[in-house]
There are 2 protein chains.
Amino acid sequence: MTSVSARVPARQQSIRASNLALAYRLVLDAPTPVSRAALAAATGMTRATAGALADALLAAGLVEEVAPPPASTAGRPATGLVPASAGWVGLGLEVNVDHLAACVVDLTGAVRHEVTLDGDQRGRKPGPVLADLAELANRVTEDLAAPSSPEAGPGTGLRIAGAAVAVPGLVRANGGRVLRAPNLGWQDVDVLAELTPRLPETPALAAVGNEADYAALAELAADRGLRDFLYVSGEIGVGAGIVFDRRLFTGSRGWAGEIGHVTVEPGGDACRCGARGCLETVAGLDALRAPAPDAASRAGRGLGRAIAAAVNLYDLDTVVLGGAYAQRADLEEFVRAALTEHVVSARWAPVAVRRSRLGGTAAAVGAATSVVHRIHADPAAWEARD
Amino acid sequence: MTSVSARVPARQQSIRASNLALAYRLVLDAPTPVSRAALAAATGMTRATAGALADALLAAGLVEEVAPPPASTAGRPATGLVPASAGWVGLGLEVNVDHLAACVVDLTGAVRHEVTLDGDQRGRKPGPVLADLAELANRVTEDLAAPSSPEAGPGTGLRIAGAAVAVPGLVRANGGRVLRAPNLGWQDVDVLAELTPRLPETPALAAVGNEADYAALAELAADRGLRDFLYVSGEIGVGAGIVFDRRLFTGSRGWAGEIGHVTVEPGGDACRCGARGCLETVAGLDALRAPAPDAASRAGRGLGRAIAAAVNLYDLDTVVLGGAYAQRADLEEFVRAALTEHVVSARWAPVAVRRSRLGGTAAAVGAATSVVHRIHADPAAWEARD
DNA sequence: CTCCATAAGTTCATTGGCAATACAAATACC
DNA sequence: GGTATTTGTATTGCCAATGAACTTATGGAG
């Protein structure tokens, strides 16, 4: 998920690909339909060029034309362009401690279909879990193929562009291999290899990623105002996704955001990881549910210190609390207080804190969104595939 | 220092600029002289294109041709290209607590000239300090202009491309304004506005940045093997520079890497910033020099926890200890132990820890290097300026 | 109701940069 | 000295963007 400056020269088609992505980005980000002329004006391209790129996006099925609004000014009315609501969609899958989920997100970012299967996955072997997940995924793709399914909505003909799988654990970047998912009891599981043969309807393009990272992407898609933020997911384990410049920051190996093992109580309780005083030992669900009377304040303060460390180190302006934290207004207050106290830049630029408004399947939605993002980022690659 | 995806369309000249930078990068990174044919082979460009770009770099004075090596194989011997040792250079300036420094770095990354002025700057007003710094800078530029100065070396005719100033404090990105430099006693100082009129020989291109960030750049330039690392500078304050994918990561506002105020002893000593238990209170120079018998171990453990937090959050593979820490082998051991204990990924990928081998003016060198990096990154912008 | 101003969108010749190919130059090996 | 081999250069064609002219579609003035 990290851009690597390729040692490949730019050719004429690179500039076209770049401009096509630029034009698409404007259509995607605009709150209202965009005309070809507006595209040209916003970018500095000529209307001729903007028109040609718009036609290419139309031909690829990535945008749609909408009827011009009632003309209020002189001149020929503009035909608007909006992201296509039919055509390519992303498939998002999620393995979590207490449920499995599959969902489909279209190019507009809308969730078109979602299926969850509740059930404790702890202690189950990866094989059966992934078999269940594949069945869920195939049910979703079959629903999409059904001629007049209610989920498909007005624009039928949704085609899966690719899939991504969210897992609560450490994933090797570019590998599709889960190194360690302690709360599932998994160790070194090749999710891609297990899953791919069981998903006949889904093209090869697939990725495996951390649950918190994908949930952060879902949050980004849901709130246009977000740009640089920390998403903290509180479950049995505590993970974080960092979004910088509207892109996921996963580190070179995909292991960034391991906030759960930041030390918040030196010499504190022993953690599963072998160290002492990790955030997880005071603010993981097991600790939060403990009968100790000060569990919540202890968790809140620890969480606040860890988040303040992340904000100090990354220079972020917003923190979103997700997972189980989304229900805990008390923790939010502790975090807000800790940021005011510990973040150096807070006096110039206060850090916003809020709880996620997304449901329990944010990671699945984010995984699907990540697939859609690939199309958004490089529409030229999707021109021929129709 | 952060790349912002500009909403500017790619033109034909963009592709040339991109390819020129690609060719230059290869020349810069190669351990031995590079031929035009090797350039073509490495990138996939045709020899014609590579040759044209090489000629452009030569004409701009950014590379030099060297005599072909004694031919060992059949075929026409290749004329090698190396980064130019004459021509454009970067000017780096540094304000620090106990010294001022100015230095010049050429396109090969070599330090061509360096001047320091020792003296306690604490409590002095910004005006006089910056006047002294400007005088230092002007002495350096005059030395360069002198026909046969020993510093200029064989390739005289060094021209200042721009300047950058390192300051131990919080700097607003793109502003040139120092918000707060507690150890200098500065608050809201417009360094660029103060300095620019006093530097008649230096072009307008100038930047102001954090001392630790620039020191990290110097470290990067000195060690080809570095790619993603944390540089921690221990002085009165404790700062960090983060380099990710060989680029400085400063956050969107330039305030990333504020490790000095990560909480390492909850409820600990009061810090200048108003909080308690900040890293600075246990591992800043004042604490290290304190007579307490456990000062070093306490500092080492606190430093280790803070660095482990940064490594967990950023997914880095190397830590460089700089500033006063560069002399402290004892601290290095504490940090190494803490990383082994607290970093989740350490069992798959151990984190390397080492002390900086650069001297006390690393920040000045890094500042000059940052100017050189601008030329390296966009050689096309420097074609006409001759 | 007609004409004109205005804005959107399209067509076509021109321009800049790279690819492909052919060609010239310089060396090792037989 | 001739041939193979590699480097470097010149020529032609292609692609995508530019700029200007042209067509289309609307509101408003007379």
Side-chain angles (χ1 to χ4, degrees), chain A residues 7-24 26-27 30 32-59 63 65-81 379-380 383-384, chain B residues 7-23 26-27 32-59 63 65-81 379-380 383-384:
Chain A
R7 293 209 157 175
V8 168
R11 302 180 149 78
Q12 281 93 334
Q13 71 192 53
S14 322
I15 133 177
R16 189 188 127 98
S18 163
N19 285 344
L20 199 67
L22 178 64
Y24 199 18
L26 284 172
V27 172
T32 55
V34 182
S35 71
R36 291 164 169 77
L39 226 49
T43 60
M45 298 185 280
T46 61
R47 289 204 310 278
T49 305
L53 294 175
D55 290 345
L57 290 172
L58 272 172
V63 302
E65 284 190 325
V66 296
S72 60
T73 170
R76 174 175 171 174
T79 54
L81 299 169
E383 284 192 276
Chain B
R7 293 210 156 175
V8 168
R11 301 181 152 77
Q12 281 91 334
Q13 72 193 54
S14 322
I15 135 176
R16 189 189 128 96
S18 162
N19 286 344
L20 199 68
L22 178 64
L26 284 172
V27 173
T32 55
V34 182
S35 71
R36 290 165 169 79
L39 225 48
T43 61
M45 298 186 280
T46 62
R47 289 205 307 279
T49 304
L53 294 175
D55 290 343
L57 290 173
L58 272 172
V63 302
E65 284 190 327
V66 295
S72 60
T73 170
R76 172 174 170 174
T79 54
L81 299 169
E383 284 193 272

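Chain identifiers are assigned alphabetically (A, B, ...) following the order of the sequence lines, protein sequences preceding nucleic acid strands; residue numbering begins at 1 within each chain.
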Boundaries of the DNA chain D segment in contact with chain B, non-hydrogen, under 4.0 Å: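 Using the under 4.0 Å cut-off, the span is D:dT5 to D:dT18.
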Axis bend over the full length of the helix from C:dC1-D:dG30 to C:dC30-D:dG1, computed from five pairs that close each end, to 10 degrees: 10°
Listed partners of B:Thr49 passing side chain to side chain donor-acceptor pair (under 3.5 Å), at least two apart: B:Thr46
Interatomic distance, [X] [atom1] vs [N] [atom2] [rounded to whole Å]:
X: B:Leu39; N: C:dC18; atom1: CG; atom2: C1'; answer: 15 Å
X: A:Ile15; N: C:dG16; atom1: CD1; atom2: P; answer: 13 Å
X: B:Arg16; N: C:dT15; atom1: CZ; atom2: P; answer: 18 Å

Sugar-phosphate, base or nothing in reach of A:Thr49, heavy atoms under 4.0 Å: base
First of A:Gln12 and A:Asp55 reached from the 5' end of DNA chain C, by closest nucleotide: A:Asp55
Heavy-atom pair with the smallest gap, counting every atom of B:Leu81 and B:Val27: O-CG1, 3.8 Å
Base-contact (B) and sugar-phosphate-only (S) positions in nucleotides 21-30 of chain C, heavy-atom cut-off under 4.0 Å, - elsewhere: ----BBBS--
Side-chain heavy-atom pair B:Leu57, B:Pro379 within 4.5 angstrom cut-off: yes
Within-4.5 Å side-chain heavy-atom neighbours: A:Thr43 and A:Leu26: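 A:Thr43 reaches A:Leu26 side chain to side chain.
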Qualifying salt bridge (charged side-chain N to carboxylate O under 4.0 Å, His left out) pairs, either residue in residues 35-45 of chain A, two or more places apart: A:Arg36-A:Asp55, A:Arg36-A:Glu65
Partner set under salt bridge (charged side-chain N to carboxylate O under 4.0 Å, His left out) for B:Arg16, not counting sequence neighbours: B:Glu383
Pair of N/O donor and acceptor under 3.5 Å linking C:dG16 base with B:Gln13 side chain: no
